[in-house]
Engineer: 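My structure is below; once you've seen it, I'll send some questions.
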Amino acid sequence: MSGDVEQEYFSDGISEDITTDLSKISALAVTARNTAFTFKGQAVNVCEVARSVHVSHVLEGSVRKAGGRLRITAQLIDGATGEHLWAERYDRDLTDIFAIQDEISHAIVEALEVRLLPAERKAIEQRGTTSAEAYDLYLMARNCWIAGDFSDARRVGRVIRICQQAIDIDPDYAQAWALIALGQAHVFHGIGPNEGSDDGAVAAARALALDPNIAEARLPMAWRLVVRGKFDEANEELAEAMRINPDSWEVNKEAARLFYRQRRIAEATVHLERAIRIVDADFHGWGMLLACYLAQEDGARAKECARRIISLVEDVVARDPDNGIALAIGANSFAAVEQWGQARQWVSRAERFDSGNLFMRYNLAFGLAEIFKDQDAAIAMIAPVLAKGGPSTIRLAAVDPNLDGLREKARFQEMMDDAYRRLGMKPIVAIPQEAVAPLRS
């Protein structure tokens, strides 16, 4: 309810932190961030909200930050009667932000007459840093990470730079180290010749040394193990990350990407479905989910997914007409619901506006192969990707079930062989999906 767009990252971050704090209390069941945020900025009837999401109580409030001052209001409301059980206003210096969050969490516990276990009390008082300035920077970086375009390298660069400023202030800020690690791993394992960069493992190790309970810091480790063929060890890292924080958007999305590369499509689907429930606006996550449904030949769910994607990417393209990855995922989605004219138009726009985007080309290639059923166009689309992509990209192309239809094409195999020779890699054989045993995690 802050009402200030430029400070939205700060109010969102505080709201998410309080949600996380309350979720650590075993006596409370707290709705996920994405569910609660659907009501952000709206004038709502609290009792109707409570009924719609099946909760007994609602916490609402506002955050305003100006210079070094904060004004935070919060009220806990009975969802059945609409009565206020507790309300408070805080006019403090920014440096008091951690104390305010602790006071809000403890006040809610007292108002609900919930017994707080000693370990839970300790858990909700852990902030990762004592610097309000570093915390402000981290919230800014995390908002950029969640809200930005997954394919935009500039976005990742901004996230890393902002987090670097945070750890310059507080070198022991584990969450900032973990986000740096995620950004570095994203670039290293992305669709492109990125393997000369840092894979994030060093920053992830630093984060885990400071706080072994940061689930997201285990993801770069899992990526490093997967690309080295150590799948069992990688899956152990994923299982531990999921044990620590099963409601993390990053954990679920990266688990899905890693399982997809292992052709464990059913498991990838489960985690993607969870990830988009957490961050519904992530059109790339929806695009990955469409790929999973196609790989499983689930036409009904693929069409339902495609319709949701179209509603998201039309808004993105209206704001950013040259967004190649949004155009590619949109083209695949229009094709999935048999709007062929629109689909072909978006393919043409993506090629015209963003032809050098290898990430866009890869996504269009699997769509052309699997949805459009145009293998020659798919091979032409993916050719620059295989000619320029690094080892991580070639490994994905070698096992992607949505490219299975191209593997018998001599031209595709020639391009893969050229990529193996260029990178000094041994050929990789795709495992039939029916031969992949379910993962135990």
Side-chain angles (χ1 to χ4, degrees), residues 12 15-16 19-20 23 30-40 52-54 142-152 155-156 182 186 190-191 215-216 219 222 238 241-242 245-261 264-296 298-317 319 323 325-337 359 362-363 366-367 370-371 400-402 441:
D12 283 1
S15 301
E16 187 169 14
T19 299
T20 300
S23 298
V30 184
T31 58
R33 170 193 190 276
N34 188 56
T35 300
F37 277 31
T38 59
F39 303 103
K40 184 175 68 174
S52 68
V53 295
H54 310 291
R142 176 156 170 75
N143 182 73
C144 182
W145 179 252
I146 291 176
D149 181 350
F150 191 81
S151 66
D152 187 354
R155 155 210 178 239
V156 181
L182 283 174
H186 175 76
I191 305 293
E216 294 78 7
L219 302 173
L238 289 176
M242 286 183 274
N245 191 356
D247 294 321
S248 164
W249 170 66
E250 290 94 339
V251 168
N252 281 285
K253 185 168 183 179
E254 295 307 300
R257 294 178 68 210
L258 287 162
F259 287 148
Y260 190 89
R261 285 171 175 255
R264 298 183 180 277
I265 308 304
E267 287 119 316
T269 302
V270 168
H271 289 289
L272 279 172
E273 288 173 340
R274 190 178 297 166
I276 61 172
R277 283 198 298 271
I278 298 167
V279 181
D280 178 72
D282 177 16
F283 69 86
H284 175 262
W286 281 98
M288 289 173 58
L289 187 57
L290 176 62
C292 287
Y293 290 149
L294 292 169
Q296 296 172 94
D298 190 337
R301 287 201 293 176
K303 287 185 176 181
E304 182 181 345
C305 180
R307 292 186 187 98
R308 176 58 183 145
I309 291 171
I310 290 168
S311 68
L312 288 171
V313 297
E314 284 184 327
D315 288 342
V316 173
V317 171
R319 298 191 306 270
N323 191 316
I325 188 61
L327 288 166
I329 292 174
N332 291 341
S333 301
F334 281 120
V337 295
F359 193 42
Y362 191 97
N363 278 270
F366 91 73
E370 190 66 20
I371 313 173
D400 191 334
N402 284 304
S441 63

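Keep in mind that this is a model prediction, so the values were computed, not measured.
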Engineer: I need the Phe37 CZ to Thr19 OG1 distance, nearest 0.5 Å.
Structural biologist: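 Those atoms lie 6.0 Å apart.
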Engineer: Under a 4.0 Å threshold between the charged nitrogen and the carboxylate oxygen, would Arg301 count as salt-bridged to Glu304?
Structural biologist: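 Salt bridge flag = no for Arg301 with Glu304.
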Engineer: For Ala215 and Ala241, work out which heavy atoms get closest and say how close.
Structural biologist: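 Heavy-atom minimum between the residues: CB-O, 3.3 Å.
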Engineer: Considering residues at least two apart in sequence or located in another chain, which fulfil the salt bridge (Lys or Arg N to Asp or Glu O under 4.0 Å) criterion with Arg261?
Structural biologist: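 For Arg261, no residue satisfies salt bridge (Lys or Arg N to Asp or Glu O under 4.0 Å) once neighbours in sequence are set aside.
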Engineer: Could you tell me the separation between the CG atom of Asn252 and the CD1 atom of Ile276, rounded to the nearest 0.5 Å?
Structural biologist: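 One gets 11.0 Å once the value is rounded to the nearest 0.5 Å.
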Engineer: Hey, what do you get for CG (Leu219) to OG (Ser248), rounding to the nearest 0.5 Å?
Structural biologist: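 Leu219 atom CG to Ser248 atom OG measures 7.0 Å (nearest 0.5 Å).
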Engineer: Measure across Ser333 and Ile310 and return the closest heavy-atom pair with its distance rounded to 0.1 Å.
Structural biologist: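 Residues Ser333 and Ile310, closest heavy atoms: CB-CG1, 3.8 Å.
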Engineer: Which distance, rounded to the nearest 0.5 Å, do you find between the CZ of Arg308 and the CG of Leu312?
Structural biologist: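 Nearest 0.5 Å value for the CZ-CG distance: 4.0 Å.
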Engineer: Any idea which heavy atoms bring Val251 and Glu216 closest together, and the distance?
Structural biologist: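 Distance-wise, the nearest heavy atoms are CG2-N, 4.2 Å.
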Engineer: Looking at Val337 and Lys303, what are the two nearest heavy atoms and their distance?
Structural biologist: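 What the structure gives for the nearest pair is CG1-O, 3.8 Å.
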Engineer: Any chance you could measure Arg277, atom CZ, to Thr35, atom OG1, to the nearest 0.5 Å?
Structural biologist: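 Taking CZ in Arg277 and OG1 in Thr35, the distance rounds to 9.0 Å.
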Engineer: Using modelled atom types and a 3.5 Å cut-off, is there a donor and acceptor pairing between side-chain atoms of Arg274 and backbone atoms of Asp247?
Structural biologist: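 No; judged by distance alone, with no hydrogens or angles, the pair does not exist.
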Engineer: Roughly how far, to the nearest 0.5 Å, is CD of Glu250 from CZ of Arg142?
Structural biologist: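 Spacing of CZ (Arg142) from CD (Glu250) equals 4.5 Å.
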Engineer: Taking all non-hydrogen atoms of both residues, which atom of Gln296 and which atom of Ala266 are closest, and how far apart?
Structural biologist: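 Shortest heavy-atom separation between Gln296 and Ala266 comes out as OE1-CA, 3.9 Å.
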Engineer: Any non-hydrogen side-chain atom of Val53 less than 4.5 Å from a side-chain atom of Phe39?
Structural biologist: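 Result yes, sub-4.5 Å side-chain heavy-atom pair found.
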Engineer: Who are the ring pair (Phe, Tyr, Trp, His ring centres under 6.0 Å) partners of Tyr260, not counting sequence neighbours?
Structural biologist: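 If we apply the ring pair (Phe, Tyr, Trp, His ring centres under 6.0 Å) test to Tyr260, skipping adjacent residues, there are no hits.
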Engineer: Under 4.5 Å between any side-chain heavy atoms of Asp315 and Arg319, yes or no?
Structural biologist: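 They are in contact (side-chain heavy atoms under 4.5 Å apart), so the answer is yes.
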Engineer: Name the atoms and distances for all side-chain donor-acceptor pairs under 3.5 Å in residues 282-294, with sequence neighbours left out.
Structural biologist:
unit_1	atom_1	unit_2	atom_2	d
Asp282	OD1	Lys253	NZ	3.2
Asp282	OD1	His284	N	3.3
Asp282	OD1	Gly285	N	3.1
Asp282	OD2	Trp249	NE1	3.3
Asp282	OD2	Lys253	NZ	2.8
Asp282	OD2	Gly285	N	3.4
His284	ND1	Lys253	NZ	3.1
Trp286	NE1	Asp280	O	2.8
Tyr293	OH	Glu273	OE2	2.6

Engineer: Would the distance check show the side chain of Asn332 and the main-chain N or O of Asn363 forming a donor-acceptor pair, the cut-off being under 3.5 Å?
Structural biologist: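 Yes, because the side chain of Asn332 sits within donor-acceptor range (under 3.5 Å) of the backbone of Asn363.
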Engineer: Quick one, His186 and Arg257 - any side-chain contact, counting heavy atoms below 4.5 Å?
Structural biologist: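 His186 reaches Arg257 side chain to side chain.
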